[in-house]
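Values in this document were obtained by computation on a predicted structure and should not be read as measured data.
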Amino acid sequence: MKPTRAPALGEQLAAVLRDQIVRRQRQPGTHLVEDALAQEHDVSRGPVRDALRLLEAQGLVESRRRGFFVVGLTQDDINDLYELRESIEITACLRAIEHVTPTQIAEAREIVAEMVNHAEKSAADDFAEADMRFHALLYVMGGNRRLQDVWVAHESVFASLMQLTVEEDVDLRPSALDHGRLVDLIELGDSKELESELREHLDGARTRMAHAVRLLADGPQNEIAS
């Protein structure tokens, strides 16, 4: 086993703020004051600056003359993110047909089994975490380090979005079985069906994500009215 590094305070704070921004708990245009954030989260200003720079790199906040301000995610941002993900993930999966190992196939099936178990228990948080590990493994299967780097650069944003997506699903079991189907197609080497299945899978995720973000943007009163 390899030793794991505990996330730095800046990364931990970025994760908290990222989730709040995605969920519109911190609205676009909100001024993120370093001193206030440091006091609120009982940290020094160093980790706050690290967190804000990380979020800026991910396009969730922007730096202006008076400090950092929330940008948030629009429907166009979500479309752009999923367009990027579709292009790199399809490439990774098609490469996986040629490069995947039996050990990786077994690992993927173990994750799918976890997802089915979490789905049966309606454990959305655990399901989302396993879902992210599954998709990260697809990039490892593909064997292209550059594709993995692109995924890692956007992985934390997708993790926050993934959490919203699974909360949209009343029954998570069909999604878990869809992931099992992807493993089957990689193992069978059916590139045409694999690409079709993955496009459908990601389109479904994009649609659910857009709906979830739209409800958050409309606010609770509009959500009740709908």
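With a 4.5 Å cut-off on side-chain heavy atoms, Arg85 and His154 do not count as touching. A 4.5 Å side-chain heavy-atom check between Leu147 and Trp151 finds every atom pair outside the cut-off. His118 has its side chain out of reach of Leu172: every pair of non-hydrogen atoms, C-beta onward, lies at least 4.5 Å apart. Side-chain contact between Gln163 and Arg23 is present, with heavy atoms from C-beta onward closer than 4.5 Å. Residues Arg49 and Arg53 form a side-chain contact, since some pair of their non-hydrogen atoms from C-beta on lies under 4.5 Å apart.
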task = List the steps and the verdict of side chain to side chain contact (heavy atoms under 4.5 Å, CB included) for Glu129 and Asp126.
result = CA-CA 5 Å; Glu129 188 274 333; Asp126 293 333; 5.7 Å; no
query = What's the verdict on side chain to side chain contact (heavy atoms under 4.5 Å, CB included) for Arg181 and Leu177, showing C-alpha distance, side-chain angles and the deciding distance?
reply = CA-CA 6 Å; Arg181 174 68 174 158; Leu177 297 178; over 6 Å; no
Working for side chain to side chain contact (heavy atoms under 4.5 Å, CB included), residues Met132 and Glu155 = CA-CA 8 Å; Met132 289 299 296; Glu155 187 174 14; 3.5 Å; yes
request  = Evaluate the criterion side chain to side chain contact (heavy atoms under 4.5 Å, CB included) for residue pair Val61 and Leu17; output intermediate values, then yes/no.
outcome  = CA-CA 10 Å; Val61 306; Leu17 295 174; over 6 Å; no
task = Test side chain to side chain donor-acceptor pair (under 3.5 Å) on Asp178 and Ser175 and set out the steps.
result = CA-CA 5 Å; Asp178 286 346; Ser175 178; 5.4 Å; no
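Within a 6.0 Å radius of CZ in Arg146, no more than 12 heavy atoms belonging to other residues, nucleotides or ligands are found. Within a 6.0 Å sphere centred on CD of Gln39, other residues, nucleotides and ligands contribute 12 heavy atoms or fewer. The 12-atom threshold is exceeded at CD of Gln75, counting heavy atoms of other residues, nucleotides or ligands nearer than 6.0 Å. No more than 12 heavy atoms of other residues, nucleotides or ligands sit less than 6.0 Å from atom CD of Glu98. Environment of CD in Glu83: sparse, with no more than 12 heavy atoms of neighbouring residues, nucleotides or ligands closer than 6.0 Å.
Under the 4.5 Å side-chain contact rule for hydrophobic residues, Leu194 and Ile90 share a cluster. Under the 4.5 Å side-chain contact rule for hydrophobic residues, Leu32 and Phe69 do not share a cluster. Note: the hydrophobic cluster containing Leu54 does not contain Phe158 (ILVMFWY, side chain heavy atoms under 4.5 Å, direct or indirect links). Under the 4.5 Å side-chain heavy-atom criterion for Ile, Leu, Val, Met, Phe, Trp and Tyr, Leu185 and Met115 are members of the same hydrophobic cluster. Hydrophobic cluster membership differs between Leu13 and Val71, with clusters built from Ile, Leu, Val, Met, Phe, Trp and Tyr side chains linked at under 4.5 angstrom.
Across all their heavy atoms, Ile186 and Leu138 have their closest contact at CD1-CD2, 3.9 Å. Minimum heavy-atom separation, Ala14 to Ala51: N-CB, 3.6 Å. Contact record, Glu195 with Leu94: OE1-CD1, 4.1 Å, taken as the closest heavy-atom pair. When every heavy atom of His99 is checked against every heavy atom of Gly142, the shortest pair comes out as CD2-O, 3.6 Å. Across all non-hydrogen atoms, the minimal contact from Ala108 to Val183 is CB-CG2, 3.8 Å. When all heavy atoms of Glu86 and Leu202 are compared, the closest pair comes out as CA-CD1, 3.6 Å.
Met209 CE to Leu161 CG: the interatomic distance, rounded to the nearest 0.5 Å, is 4.5 Å. With rounding to the nearest 0.5 angstrom, the CG atom of Leu52 is 9.0 Å from the OG atom of Ser63. One finds the SG atom of Cys93 at 10.5 Å from the CD1 atom of Ile88 (value rounded to the nearest 0.5 Å). Note that the CE atom of Met141 and the CD atom of Glu107 stand 7.5 Å from one another [nearest 0.5 Å]. If you take CD on Gln58 and CG on Leu73, they are separated by 10.0 Å, rounding to the nearest 0.5 Å. One distance of note links CG of Leu182 with CD of Glu187; it measures 13.0 Å at 0.5 Å rounding.
Between the Arg109 side chain and the Ile105 main chain, no donor and acceptor come within less than 3.5 Å of each other. In this structure a side-chain-to-backbone donor-acceptor pair under 3.5 Å is missing from His179 to Ile111. At least one donor-acceptor pair closer than 3.5 Å links the side chain of Thr91 to the backbone N or O of Ser87. Side-chain atoms of Asn79 do not come within 3.5 Å of backbone N or O of Asp76 as any donor-acceptor pair.
Using a 4.0 Å cut-off between a side-chain N of Lys or Arg and a carboxylate O of Asp or Glu, Arg199 and Asp203 do not qualify as a salt bridge.
A cation-pi geometry, defined here as NZ or CZ lying under 6.0 Å from the six-membered ring centre and within 45° of its normal, does not hold between Arg206 and Tyr82.
Checked against Gln20 for a side-chain hydrogen bond (donor to acceptor under 3.5 Å, both in side chains), the options Gln27, Gln25, Arg26 give a single hit: Arg26.
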